[in-house]
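The next block holds one structure in the form of structure tokens; read it before the comments.
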Amino acid sequence: MITATKPTPFRNEPFTNFSLEENMQSMYAALAKVKKELGRKYPIVIGKEKLFTEEQTISINPGNVDEVIGSVSKGNKELAEKAMQAALETFETWKKVAPAERAEYLFKAADLMRQRKHEFSSYLVYESGKNWAEADADTAEAIDFLEFYAREMIRLSETSIHQPLTKIEGEDNQISYIPLGVGIVISPFNFPLAIMAGTTVAAIVSGNTVILKPADATPVIAAKFVELMEEAGLPSGVLSFMPGDGIEVGEYLVEHPKTRFISFTGSRAVGCRIYERASKVQPGQLWLKRVIAEMGGKDGVVVDETADLDAAAAAIVASAFGFQGQKCSAGSRAIIVASVYEEVVEKVTELTKNLTVGLPEENHAIGPVIDQKSVDKIMNYIEIGKTEGRLLTGGSRANGNGFYIEPTVFADVEPKARIMQEEIFGPVLALAKAADWQEAIEIYNDTDYGLTGAYHSQNEERIQYALENMYCGNLYINKKCTGALVGAHPFGGFNMSGTDSKAGGYDYLLLFTQAKLKSRKLS
């Protein structure tokens, strides 16, 4: 048992200032330490068992493909079923643990991660190809999720106290939020610590047990997180670690009649398949499964003629090329009013040309994309872009013993062009011209997605119009369209961007709970 204490108000974990020599040296030391630990073998975790299987997922450094990050045991249908049974059994005790006590495990894990912040960031550098700032932000967000969701569970458990129901004479009415059951978390490669940890602990602190299936490309980071939760004292069986094939393991668990919910972050195609498979009621299934899905976006930055053009150009480049454009929030298109179009295009091109490409551990602005499959997809889109727009910079593979692609910018792209409509998930930016600011917003809205957007203007009436009429879950004014902060910018989008959930927001844990009214007649 862990003792609960009253938490302080939530504050976001500060980002590390790597321009300071002491912080730079600390990061170098952490990178060196983690490099010595590379190549370890990691087990499947089911209850108290740690199982090493003959079949392994070999994780490699996308920035240096000769470097093995680790070997992670690979699950199968039989082990997935064993994990399900362990999770079902543990749920019967875990659901009875007081919310404040469950929250304490998250507080403890956050404290441990904060102590080893640069080590976790170093694993992100090596396994996912993030530069220092991107890795540091990923780790900080993971800490934020742990801290925020712990406080949220305590708040929800006290709802009847702090937000009492309508009083009825002669009755005592209370509402409580109880857990659902066993959930499957299928996490992505692009935020392999923050999103993986956030979706997992949101379910756990709500009283559910979780089977975690990490992204194939970044399983070591997930394994390190599972080790951290064990170190924090989380009871065995609350979190099972089940890497494995998407069909044999993932789909089996999605369709399992005892699965109560699925939390997924990834592509539109896979998200739609999960949604379809989860909707079928299996024999012996007593509920309709919940699906919490975040499926990507075709996000954009709109610039009108009143904007600060230098700031707008910087926001466009940061939105497009942060982590090589491998963010669901990445601004892969920009729509610019005609009267300032050429000036903004010139500024964007110059800023992009100044981005250096190289090893993430050397902290270059642009690192590798995640794997060869991504390279093939992105290069195919670049070839399409060459037929749909005017290539300004990039357009080729970049040097290095990894999956490097030059940051690429196309101008004069038509709104209906494929590179304006389809999610590329790589360092490719399409620029389009609009007759005026209203047409620019219309072009922005012309997409199947609705995740993030940004509007740059100094005209307050136009800003108010954009706030009402740009259709997306996260809209930023005179900012980039990436970098949502837990608690401040609850994150999630509309249409084919997902199921409208708001990660890091005050209603997120409701997705992992069900409300129960308790009404008693007073004598």
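It should be emphasised that the depicted structure is a prediction, and the values quoted were computed from it without experimental measurement.
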Trace of the side-chain contact (heavy atoms from CB on, under 4.5 Å) decision for Phe403 with Lys373: CA-CA 10 Å; Phe403 306 118; Lys373 183 178 178 182; over 6 Å; no

Residues Ser374 and Asp371: side-chain donor-acceptor under 3.5 angstrom: yes

Mutual orientation of the aromatic rings belonging to His118 and Phe18 [parallel < 30°, tilted 30-60°, perpendicular > 60°]: tilted

Salt-bridge criterion met for Arg462 and Asp304 (N-O under 4.0 Å): yes

Check: Gln438/Glu442 side-chain N/O donor and acceptor closer than 3.5 Å: no

Nearest atoms (heavy-atom pairs only) where Pro214 meets Pro243: CD-CA, 3.8 Å

Crowding at CG, Leu20 (>12 non-hydrogen neighbours, <6.0 Å): yes

Ser319 side chain to Lys480 backbone, donor-acceptor under 3.5 Å: no

Test item: Asn208 side-chain N/O and Gly183 main-chain N/O as donor-acceptor pair under 3.5 Å: no

Spatial distance of atom CD1 (Ile463) from atom CD (Glu460) [nearest 0.5 Å]: 5.0 Å

Lys502 (side chain) donor-acceptor with Pro490 (main chain) under 3.5 angstrom: yes

Backbone of Ile370 reached by a side-chain donor or acceptor of Gln326 within 3.5 Å: yes

Residues Asn12 and Asp144: side-chain donor-acceptor under 3.5 angstrom: yes

Tyr449 OH to Cys472 SG distance, which is reported to the nearest 0.5 Å: 15.0 Å

Neighbour count >12 (heavy atoms, 6.0 Å) for atom CD, Glu342: yes

Check: Ser457 side chain, Ala307 main-chain N or O, donor-acceptor pair, under 3.5 Å: no

Side-chain donor/acceptor of Thr408 to backbone N/O of Gly395, under 3.5 Å: yes

Polar side-chain atom of Glu422 near backbone of Arg418 as donor-acceptor pair, under 3.5 Å: no

Distance, nearest 0.5 Å, that separates CE of Met420 from CD1 of Ile443: 6.5 Å

Salt bridge (Lys or Arg N to Asp or Glu O under 4.0 Å) assessment of Lys327 paired with Asp299: CA-CA 10 Å; Lys327 300 180 183 182; Asp299 313 298; over 6 Å; no

pair Asn61-Glu127: side-chain heavy atoms closer than 4.5 Å: no

CA sep, side-chain torsions, deciding dist, call: Thr139, Ser121, side-chain hydrogen bond (donor to acceptor under 3.5 Å, both in side chains): CA-CA 6 Å; Thr139 304; Ser121 294; 2.9 Å; yes

Minimum heavy-atom distance Leu392-Val345, with the two atoms named: CD1-CG1, 3.4 Å

With sequence neighbours excluded, residues passing side-chain contact (heavy atoms from CB on, under 4.5 Å) with Tyr471: Asn445, Phe494, Asn495

Salt-bridge criterion met for Arg11 and Glu147 (N-O under 4.0 Å): no

Result of checking Asp138, Val34, Thr218, Asp136 against Leu124 for side chain to side chain contact (heavy atoms under 4.5 Å, CB included): Asp138

Ser59 versus Ala217, closest heavy-atom pair with distance: OG-O, 3.7 Å

N-O pairing of Glu276 and Arg273 below 4.0 Å: no

Partner set under side-chain contact (heavy atoms from CB on, under 4.5 Å) for Glu383, not counting sequence neighbours: Lys386

Criterion side-chain contact (heavy atoms from CB on, under 4.5 Å) on Ile186 and Ile262, from CA distance to verdict: CA-CA 8 Å; Ile186 302 173; Ile262 303 102; 4.3 Å; yes

Neighbour count >12 (heavy atoms, 6.0 Å) for atom CG, Asn399: no

Geometric cation-pi criterion, Arg333 with Phe410: 6.0 Å, 45°: no

Test item: side-chain donor near acceptor, Ser187 and Lys213, under 3.5 Å: no

Side-chain ion pair, Lys347 and Asp310, N-O less than 4.0 Å: yes

Pair Trp132 and Tyr28, ring centroids less than 6.0 Å apart: yes

Residue pair Ser329 / Thr482, side-chain donor-acceptor N/O under 3.5 Å: no

Aromatic centroids of Tyr508 and Phe145 separated by under 6.0 Å: no

Glu255/Arg277 ion pair, N-O < 4.0 Å: yes

Atom pair CG (Leu106) and CD (Glu152), whose distance is rounded to the nearest 0.5 Å: 12.0 Å

Asn474 and Tyr476: CA distance, side-chain angles, deciding distance, side-chain hydrogen bond (donor to acceptor under 3.5 Å, both in side chains) verdict: CA-CA 7 Å; Asn474 287 55; Tyr476 304 96; 3.2 Å; yes

Gln25 atom CD, over 12 foreign heavy atoms within 6.0 Å: yes

Pair Ser206, Thr513: side-chain N/O donor-acceptor within cut-off below 3.5 Å: no

Side-chain donor or acceptor of Glu294 paired with backbone N/O of Thr265 under 3.5 Å: no

Polar contact flag, side-chain donor to acceptor under 3.5 angstrom, Glu67-Tyr126: no

Stepwise side-chain hydrogen bond (donor to acceptor under 3.5 Å, both in side chains) test for Ser332 and Lys298: CA-CA 7 Å; Ser332 59; Lys298 190 62 181 175; 3.0 Å; yes

Mutual orientation of the aromatic rings belonging to His256 and Tyr252 [parallel < 30°, tilted 30-60°, perpendicular > 60°]: perpendicular

Cationic N near anionic O, under 4.0 Å, Glu388 to Lys416: no

Tyr455-Asn478 side chain donor-acceptor pair, cut-off 3.5 Å: no

Short N-O contact, Glu248 and Lys74, less than 4.0 angstrom: no

Point-to-point distance, once rounded to the nearest 0.5 Å, from CD of Glu423 to CE of Met295: 10.0 Å

Value rounded to 0.5 Å, distance of CG in Leu431 from CG in Asp412: 8.5 Å

Cationic N near anionic O, under 4.0 Å, Glu13 to Arg114: yes

From CA spacing to verdict: side-chain hydrogen bond (donor to acceptor under 3.5 Å, both in side chains), His364, Thr356: CA-CA 6 Å; His364 289 273; Thr356 62; 3.2 Å; yes

Geometric cation-pi criterion Arg260 and Phe512, 6.0 Å radius, 45° cone: no

Closest heavy-atom pair and its distance - Arg397, Ile405: CD-CG1, 4.1 Å

